[in-house]
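Mind looking over this structure? Questions follow.
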Amino acid sequence: MANSRTFTATATATATPAAPVPASRGRLRAVDPDEPHPIARISDVLPPGATWLPAPQHTLPTLPGQPPMVGYLVLVPTEAPPAPPAPAAGPIRIDTARRAAEVEGRSLDLTYLEFELLAHLVAHPHRVHTRDQLVTTVWGYGHVGDGRTVDVHVARLRRKLGAEHRRTIQTVRRVGYKYAPPTPR
């Protein structure tokens, strides 16, 4: 079901800059289906499969002494969940389907939380994670206590990675941790 209404402000932002819209026309307005519009059709601006319809009047704010506002709801179909990130080009390999981790072909014996922590760090190389962020994303709840829980798990991970690869999990002082795979030589 294609709706032929257009947004002047939205369409202008995505259209060519050759057709500027005067400042007084910066507000959104409904356009009749038969009215020609020089800029763009809303269907050209929306993602594939999206539909739009007028918003119910009771959901829009009203301003005293002003005409009623016009709003629209844009319905976008849900997408498939994002694909897992590609494996990093470092010595650590994570197989989430088998829940296995390897360092240069050597299998690691990790606890549930150690595996989750390592998988999260490896999935986001060079990104600094605070202790609170790690507790929220890996442990899955707000942390009650001090930040030592993450420190202890990182220390165990470093021990299990071995002397050669322990430096891939780097401490960012007074912030948190990051995974930095070694650069190829």
Side-chain angles (χ1 to χ4, degrees), residues 7 9-14 28 42 45-53 55-56 58-61 69 71-185:
F7 286 123
T10 306
T12 305
T14 58
L28 302 176
I42 190 65
V45 178
L46 294 176
T51 58
W52 63 294
L53 51 110
H58 72 277
T59 63
L60 301 171
M69 292 187 179
Y72 295 91
L73 299 174
V74 177
L75 305 173
V76 180
T78 59
E79 298 177 19
I92 300 175
R93 300 280 181 216
I94 304 291
D95 184 356
T96 54
R98 293 183 346 183
R99 296 197 55 82
E102 295 179 348
V103 177
E104 291 185 348
R106 177 177 54 93
S107 180
L108 297 175
D109 183 27
L110 301 175
T111 66
Y112 174 81
L113 286 173
E114 289 169 349
F115 176 82
E116 291 295 322
L117 179 60
L118 183 62
H120 182 73
L121 290 172
V122 170
H124 307 282
H126 303 290
R127 180 176 162 202
V128 177
H129 304 273
T130 66
R131 288 169 179 83
D132 289 338
Q133 288 171 338
L134 288 171
V135 167
T136 302
T137 56
V138 174
W139 276 255
Y141 58 85
H143 186 55
V144 178
D146 60 9
R148 293 291 298 152
T149 302
V150 176
D151 298 341
V152 169
H153 280 79
V154 167
R156 288 180 186 161
L157 268 179
R158 286 176 174 159
R159 229 181 352 263
K160 291 180 179 183
L161 288 174
E164 187 177 337
H165 301 290
R166 67 181 308 122
R167 289 181 189 85
T168 58
I169 299 177
Q170 297 177 353
T171 302
V172 179
R173 295 204 184 273
R174 300 180 61 92
V175 179
Y177 298 97
K178 71 176 180 177
Y179 171 72
T183 56
R185 296 176 189 172

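Numbering of residues begins at 1 and proceeds along the displayed sequence. Note that the coordinates shown come from a computational prediction; the quantities given were computed from them, not determined experimentally.
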Going through the checks in order, is the side-chain contact (heavy atoms from CB on, under 4.5 Å) test met by Leu134 and Val154? CA-CA 11 Å; Leu134 288 171; Val154 167; 5.5 Å; no
Considering non-hydrogen atoms only, spot the tightest contact between His120 and Thr137 and give its length.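 Scanning both residues completely, I find the closest heavy atoms to be NE2-OG1, 3.6 Å.
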Look up atom CZ in Arg106 and atom CD in Glu164, then write down how far apart they are to the nearest 0.5 Å. 9.0 Å
Should Ile94 and Phe115 count as side-chain neighbours, where that means a heavy-atom distance under 4.5 Å?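 Side chain of Ile94 against side chain of Phe115, heavy atoms only: contact under 4.5 Å found.
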Rounded distance [0.5 Å steps], CG in Leu161 versus CD in Glu104: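 Nearest 0.5 Å value for the CG-CD distance: 11.0 Å.
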Taking all non-hydrogen atoms of both residues into account, name the closest pair between Ser107 and Glu102 and its distance.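 So the minimum-distance heavy-atom pair works out to CA-CG, 4.3 Å.
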Are Val135 and Arg131 close enough that some pair of their side-chain heavy atoms sits under 4.5 Å apart?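 No, every pair of side-chain atoms sits at 4.5 Å or beyond.
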Please find the pair of heavy atoms, one from Val138 and one from Glu116, that lie closest to each other, and give the distance.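 So the two residues come closest at CG1-CB, 3.7 Å.
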State, with a plain yes or no, whether a side-chain heavy atom of Thr168 is found less than 4.5 Å away from one of Val103. no
Which pair of non-hydrogen atoms, one from Lys178 and one from Arg127, has the smallest distance, and what is that distance?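 Closest approach of Lys178 to Arg127, heavy atoms only: CB-O, 3.3 Å.
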Let's go through Leu157 and Leu110 carefully: what are the C-alpha distance in whole Å and the side-chain angles of both, what is the deciding distance for side-chain contact (heavy atoms from CB on, under 4.5 Å) to 0.1 Å, and is it a yes or a no? CA-CA 8 Å; Leu157 268 179; Leu110 301 175; 3.8 Å; yes
Drop me the distance from Leu121's CG to Ile92's CD1, to the nearest 0.5 angstrom. 9.0 Å
Counting C-beta onward and ignoring hydrogens, is there a side-chain heavy-atom pair between Tyr177 and Leu117 closer than 4.5 Å?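 Tyr177 does not reach Leu117 side chain to side chain.
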Indicate the atoms forming the closest heavy-atom contact of Gln133 with Val128, along with that distance. OE1-O, 3.9 Å
Is the side chain of Arg158 donor-acceptor paired with the backbone N or O of Ile169 at a distance under 3.5 Å, no angle test?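 Checking the backbone N and O of Ile169 against the side chain of Arg158, a donor-acceptor pair under 3.5 Å is found.
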Applying the salt bridge (Lys or Arg N to Asp or Glu O under 4.0 Å) criterion to Glu114, which one of Lys160, Arg159, Arg99 satisfies it? Lys160
Of all the heavy-atom pairs spanning Pro91 and Tyr179, show the shortest one and how long it is. CD-OH, 4.1 Å
